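Worksheet: one structure, shown below.
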Amino acid sequence: MFTQKPWNAVHVSSVPLTSKASKKLSNGAHETPPISEYFGELTFGLGQMREKLPKDAYQNLIKALDHGKKLNNETAEAIATVIKEWSVQKGATHFCHWFQPMTGLTAEKHDAFISIQHSHHSELKVIERFTGSQLIQGEPDASSFPSGGMRSTFEARGYTAWDPSSPIFIIDGEHGKTLCIPCVFFGYHGEALDNKTPLLRSCQVLSHEAVEFLKCIGDVDAKSVTATLGPEQEYFLIDKNHAQARPDVVMTGRTLQGAASPRGQQLEDHYFGSIPSRAQAFMVDLEQELYRLGVPVKTRHNEVAPSQFELAPIFEHVNIAADHNTLTMETMKRVASRHGLVCLLNEKPFAGINGSGKHCNWSMSNDKGENLLDPGTTPHQNLRFLAVVSIVLQAVHRHADVLRAAIASPGNDHRLGGNEAPPAIISVFLGSMLDKIFNSIEKGEASQATEAQIINLGVGHIPNISKDYTDRNRTSPFAFTGNKFEFRAVGASANVSVPVSILNAAVAESFREATSSLKDLLAKKKTRDEAVMELVRELTTAHKHIRFEGNNYSEEWKREAQKRGLPILNTTAEALEVLHQEKATEFLVTTKVLSRAEIESRYHIAVERYNKTLEIELRALSELAAGFIIPALEAQIKQSGEALAVLRTQGAKASQAKRLEAMEVSLETIIKEQTALNSGLESLHQQGSELEIMKTISLKLTPLAHKLRAACDEAEKRIADNLWPLPKYREMLFLNSQA
Ligand code: ADP
Ligand code: MG
């Protein structure tokens, strides 16, 4: 029998049975209307602008959007007026500039709509007011946001500016409604202080370079290219009572101790199994909230680990997808709390079972809406497809190190450096069919590139490269999945803007070079198709080392990758150093996605963030040992000692004494490891720079923490259930599946 623990009390839902999207019927019952009726009801986007704005104001807005121009004051006033009317009518009392600082998810600065007027009888009158300048620009006190040393403290000004390409929305929170205006955040000299600014810059340069290339291969009317993104979000749901009874979860969002549950994920019964009803209720509520916010979420299913789930949106323009993903993460936390649950977005909440990633499905489409990574139907589209794939291969090969750095975080270290899905080595998986095609192109089997030859290769009619041909390799960090690439190594808690702007920049640079090579080839060669084919051959030959179809977890691959000269960066500490190599990050500067100073500041912020996160984790672990595990073990020793004394009166067996001895050894080990960790922590800040602190944490303290954790996990197995003071893995992971 398991002891009944206070944290296992049956959860009583505080959620009303009806959601906010549902409507009251005349008979008193509630009904949820079709999604189409309330989708986006809390957003104000271009569609509504067109409806509500005077014609010329709307046209000015579109012009400003298309050409990246500033809005004139009159237009801004007109837009502010319609937005205010809409949001006040929706019940919003406050507005905020919503932006993505370089740490954490998002930041908001709230202001009330009201403004106080003095009428001529000198009585006060409160009116709702929202001006064009309040819409367009704000000046939050930036000194509390990290700038990585770019902003000296005396010039602590930062500005937010409306990003009109992302819809404005209302957060319907527990304590009222707030109008949120998606913004970029920058310093006095225009330096990016957020994650959205580089993303927007990367979209611009990618579009420009891709269009140049498309024109060169014969798509002369190409006007723009859009990067698209569908980020699949993995997460864990645990009971709030469990989370609150674990100081490590409260402090760090993950467990720092926990012996393996007898049942983990070995039965593989959770994946696509039936969704437990509590989780299901959460998902329905979450989806409805997201639909009201215009976030197009689509699928829900269980992931590999118990209590792990996934949410996939329908892909959108990367900028909107990135805003929607941050909004999704925030909404998940809020809705979970309403359901008495905690949503864990950390990459590794539990040891020994799968962590959580955010698979970034990424592609590009032209202004006709054709997906450039879709083989298409005509030989020309097929050729274009092969060229674009080989351009992406070049980009990933060249910048594998910076892409790795872009996804580095303390949480992700446990996935990438640990023994599970995607490894820390970036490679590209193409699937057997594409692999074969590229191999024959490389061998020159299509050197003439007559239409017949292309068709012989299967290039003329690349059949729909469906999931049957791809996506079979779940071990790859960057896999082609039919009509898009899936960057799987991104961590669950990441802001997607970071890896995606790096990817966009790398691909933009690759397009730029491909255009120039193609121009050279065209000058020498006969037909355009032959020249394109030759380019594809050159690229696949030069970059075949980035392709890997095998098992990414295997030891052979590590050796092979090393031989190929691919970067192997197992830890955040190693990966971040890449940002210090001017040569490695040069492409970010030449594509104007980040300046040298901006790269430098991002490096400093990442190092500082790593140090702070790890220091909190290490201190929390030490406290857990001191405050919970050591006392529990002592209580157990006392109890077992008393039992042994009783047994001794009857002539105790050696095995009984041994049991007690083992507990004493366990206690000694924990105390020893904890003392070592503590003294490491005490001297940590005697290290000079943040960089030295990072190295000490990564190389010295983390291994000490591993040992302490192992000793605590060992102790857990020796302690009676009724003396164990923390929710165990089996309780946290499996309760959901019963309720
Ligand atoms: P799969 O079965 O390969 O995972 P899905 O159709 O379920 O494919 O899509 C997974 C994710 O990829 C979804 O979020 C989807 O919107 C996204 N996706 C599909 N096509 C594209 C694309 N062209 N660009 C970006 N993301 C895409
Ligand atoms: Mg997937």
Side-chain angles (χ1 to χ4, degrees), residues 35 39 199 202-203 206-207 210 224-235 271-272 283 286-287 290-291 294-304 308-329 332 356-377 381 384-385 388-389 391-392 395-396 421-422 428-434 462-490 492 494 496-497 499-501 503-504 507:
I35 295 164
F39 187 84
L199 181 66
S202 77
C203 290
L206 178 65
S207 177
S224 66
V225 166
T226 310
T228 51
L229 182 73
E232 296 167 77
Q233 178 73 50
E234 290 178 337
Y235 60 97
Y271 195 60
F272 286 111
M283 287 176 191
L286 173 68
E287 282 171 7
L290 291 174
Y291 289 144
V295 182
V297 290
K298 206 179 68 166
T299 53
R300 50 172 119 107
H301 60 73
N302 295 345
E303 270 302 316
V304 178
Q308 190 188 26
F309 307 93
E310 179 188 290
L311 175 143
I314 295 169
F315 69 93
E316 300 174 281
H317 182 301
V318 288
N319 179 36
I320 296 176
D323 279 354
H324 279 169
N325 180 251
T326 48
L327 200 50
T328 299
M329 291 195 279
M332 282 172 147
S356 299
K358 176 144 49 202
H359 296 176
C360 284
N361 295 272
W362 173 94
S363 188
M364 293 166 283
S365 41
N366 64 15
D367 48 286
K368 291 187 191 129
E370 292 165 343
N371 179 350
L372 300 183
L373 287 172
D374 195 321
T377 45
Q381 285 171 341
R384 179 176 78 190
F385 162 72
V388 174
V389 171
I391 282 165
V392 175
V396 177
V428 181
F429 169 82
L430 289 179
S432 58
M433 169 177 283
L434 260 190
I462 300 173
N464 223 338
I465 304 183
S466 65
K467 274 171 289 178
D468 302 340
Y469 290 101
T470 62
D471 208 21
R472 287 284 168 254
N473 192 337
R474 292 186 66 88
T475 70
S476 175
F478 200 96
F480 183 74
T481 51
N483 56 6
K484 61 191 185 280
F485 279 99
E486 190 171 337
F487 192 6
R488 297 191 178 129
V490 183
V496 289
S497 305
V500 171
S501 44
L503 179 60
N504 285 350
V507 175

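In listed order, ligands and their atoms are each counted from 1. Owing to the predicted nature of the structure, the values given are computational and were not obtained by experimental measurement.
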Ligand 1 contact on Asn371 by region, counting heavy-atom pairs under 4.0 Å: side chain
Mutual orientation of the aromatic rings belonging to Phe480 and Phe485 [parallel < 30°, tilted 30-60°, perpendicular > 60°]: perpendicular
For ligand 1, is there an N or O atom under 3.5 Å from any N or O atom of [X]?
{"X": "Trp362", "answer": "no"}
{"X": "Phe315", "answer": "yes"}
{"X": "Pro313", "answer": "yes"}

Residue selection (non-hydrogen contact nearest atom 18 (N) of ligand 1) among His317, Gln233, Lys484: Lys484
Under 4.0 Å to a heavy atom of Ile314 - the qualifying atoms of ligand 1, by number: 16 (O)
Element-labelled atoms of ligand 1 that are located less than 4.0 Å from some non-hydrogen atom of Gly230: 14 (O), 25 (C), 26 (N)
Contact check, side chains of Tyr235 and Thr328, non-hydrogen atoms, under 4.5 Å: no
Within-4.5 Å side-chain heavy-atom neighbours: Val388 and Val507: no
Under a 3.5 Å distance rule, please check whether [X] uses its side chain to pair with a backbone N or O of [Y] as donor and acceptor.
{"X": "Glu370", "Y": "Asn366", "value": "no"}
{"X": "Lys358", "Y": "Val496", "value": "no"}
{"X": "Asn371", "Y": "Asn483", "value": "yes"}

